[in-house]
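Values below: every heavy atom of this structure, side chains too, minus hydrogens, waters and symmetry copies.
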Amino acid sequence: MLGYILLTFIDLLFWQQGHCQDVTQQPEIRWSSAAQSAEMNCSHSKDKGHNQMYWYRQRPGETMTLIVYTVFGGQPDYGGNPQTKYSAVKNTIETGALTVKDLEPDDSGVYFCAVSKHSDVRRCNS
């Protein structure tokens with residue numbers, strides 16, 4: 001008997017210099033069958049410097065955890081999360097996608113995408 005998994009996607013709002021900037025995820029909510037895959041898409045309307053994308057999951061009663069970090073033109077950093085479970089792509093600066101494979105009840109939760117602008121931090125030695 002196949003169970004159903006609920007995946008919820010949240011749009012995050014970013015405040016930058018007093019202006020609210022949208023990050024959009026599609027679909028907003030999804031029910032999927034166990035053993036299937038679920039793809040989430042994320043896009044933003046920020047400037048071209050915002051080339052980094054982060055995907056998080058929050059399970060009921062838990063804090064958010066980072067699943068994968070992507071940057072346009074680079075390889076995804078899964079930070080120890082299995083690539084057999086997750087697949088992330090970032091084909092343009094403005095868009096990216098996360099796929100959760102072989103769904104299980106434990107995959108239920110709220111998934112977030114966030115974007116960031118690279119900042120070049122340099123340390124001066126005195």
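Tyr56 and Gln58 share no donor-acceptor pair across their side chains, judged by distance under 3.5 Å alone.
Hydrophobic clustering, with ILVMFWY side chains joined whenever heavy atoms are under 4.5 angstrom apart, groups Val110 together with Tyr54. Placement of Met53 and Val89 in two distinct hydrophobic clusters is found when ILVMFWY residues are connected by side-chain heavy-atom separations under 4.5 Å, directly or transitively. The hydrophobic clustering, which links ILVMFWY residues whose side-chain heavy atoms are closer than 4.5 Å, places Tyr78 and Trp55 together. When the side chains of ILVMFWY residues are joined at heavy-atom separations under 4.5 Å, either directly or via intervening members, Phe72 and Val115 end up in two distinct hydrophobic clusters.
Once rounded to the nearest 0.5 Å, the distance linking NZ of Lys90 with SG of Cys42 reads 7.5 Å. Atom NZ in Lys85 sits 10.5 Å away from atom CD1 in Ile67 (nearest 0.5 Å). Taking OG1 of Thr65 as the start and CZ of Phe112 as the end, the distance is 10.0 Å to the nearest 0.5 Å. In this structure, Glu39 CD and Thr99 OG1 are separated by 4.0 Å, a value rounded to the nearest 0.5 Å. Residue Tyr111 holds its OH atom at 7.5 Å from CZ of Arg59, rounded to the nearest 0.5 Å. Remark: Asp102 CG to Asp107 CG distance equals 8.0 Å, nearest 0.5 Å.
The heavy-atom pair separating Val68 from Leu66 by the smallest distance is O-CD1, 3.5 Å. When all heavy atoms of Ser108 and Pro60 are compared, the pair lying nearest together is O-CD, 4.3 Å. The two atoms that bring Pro76 and Ala88 nearest to each other are CG-O, 3.4 Å, heavy atoms only. Taking every heavy atom of both residues into account, Ser37 and Lys101 meet most closely at OG-CA, 3.6 Å. The minimum heavy-atom distance linking Gln52 with Val71 is given by the pair CG-CG2, 4.0 Å.
Environment of CD in Glu62: crowded, with over 12 heavy atoms of neighbouring residues, nucleotides or ligands closer than 6.0 Å.
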Pair up each side-chain donor or acceptor in residues 91-98 with any protein partner under 3.5 Å, not counting sequence neighbours, and list the distances.
from, atom 1, to, atom 2, distance (Å)
Thr92, OG1, Glu94, N, 3.4
Thr92, OG1, Thr95, N, 3.0
Thr92, OG1, Thr95, OG1, 2.5
Glu94, OE2, Lys48, NZ, 2.5

